[in-house]
There are 2 protein chains.
Amino acid sequence: MDSPLHLYKAEFFKTLGHSVRLAILDALREGPLSVSELQVIIQTEQSILSQHLAKLRAMKFVSSRREKTTIYYHVHDREVYQFLDLAKNIYVRQLQQSQEMLKELMPSDID
Amino acid sequence: MDSPLHLYKAEFFKTLGHSVRLAILDALREGPLSVSELQVIIQTEQSILSQHLAKLRAMKFVSSRREKTTIYYHVHDREVYQFLDLAKNIYVRQLQQSQEMLKELMPSDID
DNA sequence: CTATTATATTAGAACATTCAAATATATAAA
DNA sequence: TTTATATATTTGAATGTTCTAATATAATAG
């Protein structure tokens, strides 16, 4: 049951399971950005950003190329955006459902 | 940057980031199954299975209904399968790429 | 060479997740 | 009731992840 492939799949999703890493992928939607450009957008410590980039690199979500001292990152396989958008459909529905449950509970009194 | 929605997205992916939970979703592809049926398929401790089912329930990936003493689980939103299949395309390509890199390194000698 | 800029890596503390075992709950049958 | 069966929850130890701070590397300019 816990075949290497199952474990790999789990790693794939774990890699996406962090808000900073999702923010990085979002930021790279329109094209490559350097680490310092990402730093401005994502508003996070240099070393934290680098660590998260390392995880995305390890899982081949992103690749980098150097230009003088600047390193530019880009998304390796643009299909991830289709994938992230499909995910969005699903979790938006999940959230809406929670909302509806809340509304059903709320309207009368708070108890 | 770390808005509640960003954090929710991350939780969504984290929930998928475990081989047992992925195996549960896979097992439920063809329709509902009881916990004991899942236990046979996934070959895991009762309490561990229950704990993972709880996480999938919390994130609304699955719902359950009771029939006498048996509890049947089903996938809440079948679009997750489209989504999981898209994910598969992506990580299979990622794996292939790693394979190619390995082959490029191997053929000559081991050093 | 040395200093500077950009980025990466490492080490350890803080925090979160998972697992295993024990216990709890819910239903039905006897 | 009591017992049996199916599943869920709780607790603490083991393990894994993230963050912070410090240090390392790589390229260039001076």
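Naming: A, B, ... by sequence-line order, numbering from 1 per chain.
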Can a side chain N or O of [X] be found less than 4.0 Å away from OP1 or OP2 on [N]?
X        : N       : answer
His18(B) : dC19(C) : yes
Lys55(B) : dT18(C) : yes
His52(A) : dC19(D) : yes
Tyr73(A) : dA8(C)  : yes

Going by heavy atoms in the side chains, are Arg93(B) and Asp77(A) under 4.5 Å from each other?
-> yes
Do Gln94(A) and Phe61(B) have side chains that get closer than 4.5 Å, going by heavy atoms?
-> yes
How far does [atom1] of [X] sit from [atom2] of [Y], to the nearest 0.5 angstrom?
X        : Y        : atom1 : atom2 : value
Arg21(B) : Asp26(B) : CZ    : CG    : 14.5 Å
Glu45(A) : Leu49(A) : CD    : CG    : 10.0 Å
Ile71(B) : Ser64(B) : CD1   : OG    : 5.5 Å

Geometric class of the Tyr91(A)/Phe12(B) ring pair [parallel <30°, tilted 30-60°, perpendicular >60°] = perpendicular
Within this structure, what is the [atom1]-to-[atom2] distance between [X] and [N], rounded to whole angstrom?
X        : N       : atom1 : atom2 : value
Arg65(B) : dA6(D)  : CZ    : P     : 17 Å
Leu7(A)  : dT18(C) : CG    : P     : 13 Å
Ile71(B) : dA24(C) : CD1   : C1'   : 14 Å
Arg57(A) : dT7(C)  : CZ    : P     : 12 Å
Leu33(A) : dA6(C)  : CG    : P     : 16 Å
Leu53(A) : dT9(C)  : CG    : P     : 10 Å
Leu22(A) : dT18(D) : CG    : P     : 12 Å
Glu11(B) : dT17(D) : CD    : P     : 15 Å

Determine whether the side chains of Thr70(B) and Glu67(B) contain a donor N or O and an acceptor N or O closer than 3.5 Å.
-> no
Arg57(A) versus Tyr73(A), side-chain donor and acceptor atoms under 3.5 Å = yes
With sugar-phosphate taken as primed atoms, P, OP1 and OP2 and all else as base, the protein-contact string of nucleotides 20-30 of chain D at under 4.0 Å (heavy atoms; B, S, -) is BBB---SBS--
Could you tell me whether Asp85(A) and Arg29(A) have a side-chain N and a carboxylate O separated by less than 4.0 Å?
-> yes
Take the C1' atoms of the five end pairs on each side of the helix from dC1(C)-dG30(D) to dA30(C)-dT1(D), get both axes, and report the angle to 10 degrees.
-> 10°
Per nearest nucleotide of DNA chain C, the residue lying toward the 5' end, Lys14(A) or Thr70(A), is Thr70(A)
Nearest-nucleotide comparison on DNA chain D, the residue closer to the 5′ end among Ser34(B) and Arg21(A) = Ser34(B)
Pair Gln39(B)-Ser36(B), side chain to side chain donor-acceptor pair (under 3.5 Å): steps then yes or no | CA-CA 5 Å; Gln39(B) 216 169 318; Ser36(B) 29; 5.8 Å; no
Touch check for Ser36(B), heavy atoms < 4.0 angstrom, all strands: base, sugar-phosphate only, or nothing?
-> sugar-phosphate
